[in-house]
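Written out below as structure tokens is the structure these notes cover.
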Amino acid sequence: MNHPLEFGGRGRVWLVGAGPGDPELITVRGLRCLRRAEVVLYDRLVSPELVDEAPRAALRIDVGKAPGRHARKQEEICGLLIRHARAGRRVVRLKGGDPFVFGRGGEEALACAQAQVPCEIVPGISSAVAAPSAAGIPITHRGVAGSVAIVAGHCSPGLPEPGDCTDRIDWPAVARLDTIVILMGLSRLPEISAALIAAGRSPQTPAAAIASATLSNQQTVVGTLGTLGRWVAEAGLEAPATLIIGEVVRVGERIAEASLTWEEDVLAVA
């Protein structure tokens with residue numbers, strides 16, 4: 001079935017979710033868009049193997065952001081999308097995970113809309129669901145977890161940043177939900193744990209941290225809300241990592257005992 005924005009058209013943008021890391025986890029449609037691109041703007045965590053799926057003649061532009069290093073400002077990224085599309089080129093904005101899950105895809109889509117540049121959103125698999133799944137942890141489970149919160153770790157208390165969102169996180173409300181998934185929060189795990197415990201979550205709540213999810217070097221540390229920070233530090237876990245808090249972590253441990261999960265080194269601690 002063809003989408004209203006045909007691949008043969010020129011002068012348009014596709015915001016494509018590249019998935020959580022493994023290049024095989026991009027969608028079929030996302031890969032088709034990439035293989036027809038004339039310009040590709042890609043994020044830091046997108047697999048080089050995936051970027052290589054673009055035609056050899058395609059212009060590749062690294063616009064990746066890292067802590068303390070922004071290759072391009074967001075306004076410049078939006079400007080590049082619009083400029084190349086207005087020049088009649090097929091432009092793919094290749095974003096880690098899903099474009100609309102803490103990916104600033106909304107800003108880029110709005111910029112295209114305001115510039116009257118045709119733009120299609122191609123959903124991707126977010127690490128918020130892929131990382132727990134790759135570690136064998138279900139974020140919902142009948143009789144255990146029927147609610148999930150997905151929180152940006154840079155919104156943790158007492159640590160303002162440009163564009164800080166601490167005042168928009170209702171930590172007591174988050175703490176009451178069954179499963180809490182935190183993205184971009186590894187460096188602030190102690191503050192996040194303290195905030196959730198202060199908001200009423202038991203320090204004995206099972207918790208896990210999954211680094212480099214879906215990649216060959218995936219690593220999982222399991223503990224409790226009160227101890228996970230220490231185990232993560234001892235294990236030397238590095239970003240990108242996803243944090244999962246809730247009884248589903250125990251379910252995941254039982255699943256891991258009897259199932260094949262993603263290739264990984266699982267560090268289970270008491």
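- Contact annotation: the side chain of Pro203 never approaches that of Thr227 to less than 4.5 Å [non-hydrogen atoms, C-beta and beyond].
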### Task
Would you sort out whether Trp14 and Val91 count as a side-chain contact (heavy atoms from CB on, under 4.5 Å), showing the intermediate values?
CA-CA 6 Å; Trp14 285 270; Val91 183; over 6 Å; no
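- Nearest approach of Leu189 to Gly229, heavy atoms of both residues: CD2-CA, 3.5 Å.
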### Message
Let's go through Ser127 and Leu183 carefully: what are the C-alpha distance in whole Å and the side-chain angles of both, what is the deciding distance for side-chain contact (heavy atoms from CB on, under 4.5 Å) to 0.1 Å, and is it a yes or a no?
### Response
CA-CA 8 Å; Ser127 59; Leu183 305 181; 3.6 Å; yes
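- Heavy-atom minimum distance, Leu186 versus Ala239: CD2-N, 3.5 Å.
- Each salt bridge (charged side-chain N to carboxylate O under 4.0 Å, His left out) pair with one or both residues in residues 47-59, not counting sequence neighbours, appears once here: Arg35-Glu53.
- Side-chain N or O atoms of Glu38 include none that pairs as donor or acceptor with a backbone N or O of Arg89 at under 3.5 Å.
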### Query
Do His84 and Leu59 pass the side-chain contact (heavy atoms from CB on, under 4.5 Å) test, and can you show the C-alpha distance, the side-chain angles, and the key distance before you say yes or no?
CA-CA 10 Å; His84 284 291; Leu59 174 63; 3.7 Å; yes
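- Heavy-atom minimum distance, Ile255 versus Gly136: CD1-O, 3.6 Å.
- Counting only heavy atoms from C-beta outward, the side chains of Val221 and Leu228 approach each other to under 4.5 Å.
- Within the 4.5 Å cutoff, the side chain of Pro240 has heavy atoms near those of the Leu45 side chain.
- Hydrophobic clustering of Ile, Leu, Val, Met, Phe, Trp and Tyr side chains at less than 4.5 Å, counting indirect connections, keeps Val181 apart from Leu177.
- With a 4.5 Å cut-off on side-chain heavy atoms, Leu94 and Leu41 do not count as touching.
- Taking CZ of Arg86 as the reference point, atom CZ of Arg12 lies at 15.0 Å (rounded to 0.5 Å).
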#### Entry: Trace of the salt bridge (charged side-chain N to carboxylate O under 4.0 Å, His left out) decision for Glu191 with Arg188
CA-CA 5 Å; Glu191 290 81 8; Arg188 297 180 174 185; over 6 Å; no
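- Considering SG of Cys78 and CD of Glu107, their distance stands at 6.5 Å, rounded to 0.5 Å.
- Rounding to the nearest 0.5 angstrom, the gap separating the CD1 atom in Ile137 from the OG1 atom in Thr242 is 10.0 Å.
- With hydrogens and angles disregarded, no donor-acceptor distance shorter than 3.5 Å links the side chain of Ser126 to the backbone of Val129.
- Atom-to-atom distance recorded for Thr214:OG1 and Glu24:CD is 10.0 Å, nearest 0.5 angstrom.
- Remark: of the listed residues Arg93, Arg29, Arg32, Arg29 is the sole one forming a salt bridge (Lys or Arg N to Asp or Glu O under 4.0 Å) with Glu120.
- If you chain together hydrophobic residues whose side chains sit under 4.5 Å apart, Ile244 and Val144 fall into the same group.
- Residue Leu31 holds its CG atom at 9.0 Å from CZ of Arg36, rounded to the nearest 0.5 Å.
- Proximity of a side-chain donor or acceptor of Asp170 to a complementary backbone N or O of Ala173 within less than 3.5 Å is detected.
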### Query
Does the side-chain contact (heavy atoms from CB on, under 4.5 Å) test come out yes or no for Lys95 and Val16, once each step is laid out?
CA-CA 6 Å; Lys95 305 175 74 67; Val16 177; over 6 Å; no
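- Using a 4.5 Å heavy-atom threshold, the side chains of Tyr42 and Asp62 count as touching.
- Placement of Leu81 and Phe100 within a single hydrophobic cluster is found when ILVMFWY residues are connected by side-chain heavy-atom separations under 4.5 Å, directly or transitively.
- What you find for Ala207 and Ile245 is that their closest heavy atoms are CB-CG1, 4.1 Å.
- With Arg201 contributing its side chain and Pro172 its backbone, the two residues share no donor-acceptor pair below 3.5 Å.
- Counting only distance, with no hydrogens or angles, the side chain of Asp98 and the backbone of Gly17 share no donor-acceptor pair below 3.5 Å.
- With contacts defined as side-chain heavy-atom distances shorter than 4.5 Å, the pair Ile180/Leu196 qualifies.
- Here the straight-line distance linking atom OG1 of Thr205 with atom CD1 of Ile197 works out to 8.0 Å at 0.5 Å rounding.
- Nearest heavy atoms, Gly223 versus Trp231: CA-CD1, 4.1 Å.
- Here salt bridge (charged side-chain N to carboxylate O under 4.0 Å, His left out) pairs that include residues 220-248, with residues two or more places apart or in two chains, are Glu247-Arg250.
- Between Leu15 and Val122 there is no side-chain heavy-atom pair separated by less than 4.5 Å.
- Scanning both residues, Gly185 and Leu243, for their nearest heavy atoms gives O-CD1, 3.9 Å.
- Side-chain atoms of Val51 and Pro48, non-hydrogen and from C-beta on, never get closer than 4.5 Å to each other.
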